[in-house]
2 protein chains.
Amino acid sequence: MEDNIIKEKEVKPRNRDNFLIKQRAFVKLYLLSWIEQGRPYGKEMLEDFYKTFKQFNYKPNHSEVYKGLHELLDDGIITRSRIIKEGSKRQELKVYQIANMDEARRYKNQVKEDLDRSIGLLNWAVRDNF
Amino acid sequence: MEDNIIKEKEVKPRNRDNFLIKQRAFVKLYLLSWIEQGRPYGKEMLEDFYKTFKQFNYKPNHSEVYKGLHELLDDGIITRSRIIKEGSKRQELKVYQIANMDEARRYKNQVKEDLDRSIGLLNWAVRDNF
DNA sequence: GGATGAACAGTTTGTTCATCG
DNA sequence: CGATGAACAAACTGTTCATCC
């Protein structure tokens, strides 16, 4: 106990539940649904985003998708395994499966609430201003 | 032209029109509508936000409101004047008026488009994932 | 203390660089 | 070059500090 200097965490946490749903949560919601449905890998899901949202001018970048996948992994909601891409070049891919179905469902429901809240907020603004 | 070193701007601009509408635009939309309707001042509009969005758990902070007002001023869409608050303490307030009605309308329509796009995006996610 | 304004700081997310086959 | 991952940096916005009645 000599002159140990205890460095306290000095980060002040911020107000969170504020304006609209965050992109990360939105992306993770789609990732979960797609993983439930089959065994797509990261790049493929990125392109699914492009297709799905072309009409809305929304194009998430690859980092956002990978960060979403990593968070779901860290939270134990999905697991990952390696496979060799069919076809030719012994390209390695990472594919995903749901690890904890209850957690997955819980997370999706939570995102659903934030989605509904956000939609309500935006519709309210249309009603109030137009 | 001796050894003048010309410092070039090295900031790389980013892709903008991406995910959802930004809080700043959302706030400015309400500010414009309220200013059109009367002569409210900053603090009062902040409290109007609290009342309007209590049900959505959304509570913008005062800086966001003032920054929105300053941007509208800088863009010449509104003007500002000083008045003494009725009642007592010779408290000074800043009140606002529309300066350029065409620009105001143009801005609101632009925000409307982004609102609609955002609502579409979120509804799409509900449809796809639930 | 009420209102306004500005500096500062934490978070989110887009861009760039690195690695591996 | 295709896929993945991580470091870095810009943009956004929440918190704190300053000022003026």
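Note that the structure is a prediction, hence the values are computed from the model and not measured. Scope of the values below: all heavy atoms of this structure, side chains included, with no hydrogens, waters or symmetry mates.
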What is the distance, to the nearest angstrom, from the OH atom on B:Y41 to the P atom on C:dG2?
11 Å
How long is the line joining CD of B:E71 and C1' of C:dA6, in whole Å?
14 Å
Roughly how many Å is it from CZ in A:F19 to P in C:dT13, rounded to a whole number?
13 Å
Whole-Å distance separating the CZ atom of A:F26 from the P atom of C:dT12
17 Å
Does some side-chain heavy atom of A:V65 sit less than 4.5 Å from a side-chain heavy atom of A:L69?
yes
Tell me whether the NZ or CZ atom of A:K59 lies within the 45° cone about the ring axis of A:F53 and under 6.0 Å from its centre.
no
Any side-chain heavy atom of A:Y96 sitting closer than 4.5 Å to one from A:T79?
no
Testing B:Y30, B:F56, B:F49 for ring-ring contact (aromatic ring centres under 6.0 Å, His included) with A:W124, which one passes?
B:F56
For atom NE2 of A:H70 and atom C1' of D:dG5, their distance in whole Å
5 Å
Quick one: the side chain of B:H62 and the base of C:dG5, do they pair up donor-acceptor inside 3.5 Å?
yes
Nearest of D:dT15, D:dT4, C:dA3 to any side-chain atom of A:L93?
D:dT4
Distance from A:R105 atom CZ to A:I98 atom CD1, nearest 0.5 Å?
9.0 Å
What is the distance, rounded to the nearest whole Å, between atom CG of B:N18 and atom C1' of C:dT12?
13 Å
Which is true for B:R80 with a 4.0 Å heavy-atom rule: it touches a base, it touches only sugar-phosphate, or it touches nothing?
sugar-phosphate
Among C:dT12, D:dT4, D:dG14, the one nearest A:K22 by side-chain distance
C:dT12
A:S63 side-chain proximity, nearest of D:dT15, D:dA6, C:dT4:
D:dA6
Please determine whether a side-chain nitrogen or oxygen atom of B:Y66 lies at a distance below 4.0 Å from atom OP1 or OP2 of C:dG5.
no
Rounded distance (Å) that lies between atom C1' of C:dT11 and atom CD1 of A:I21:
16 Å
Closer than 4.0 Å, any side-chain N/O of A:K59 to the OP1 or OP2 of C:dG14?
no
Distance check needed: D:dG14 P versus B:N57 CG, whole Å only.
14 Å
With DNA chain D as reference, determine whether A:K67 or A:V95 sits nearer its 5' end, using the nearest nucleotide of each.
A:V95
Which nucleotide in the set D:dG14, D:dA3, C:dG14 lies at the smallest distance from any side-chain heavy atom of A:E64?
C:dG14
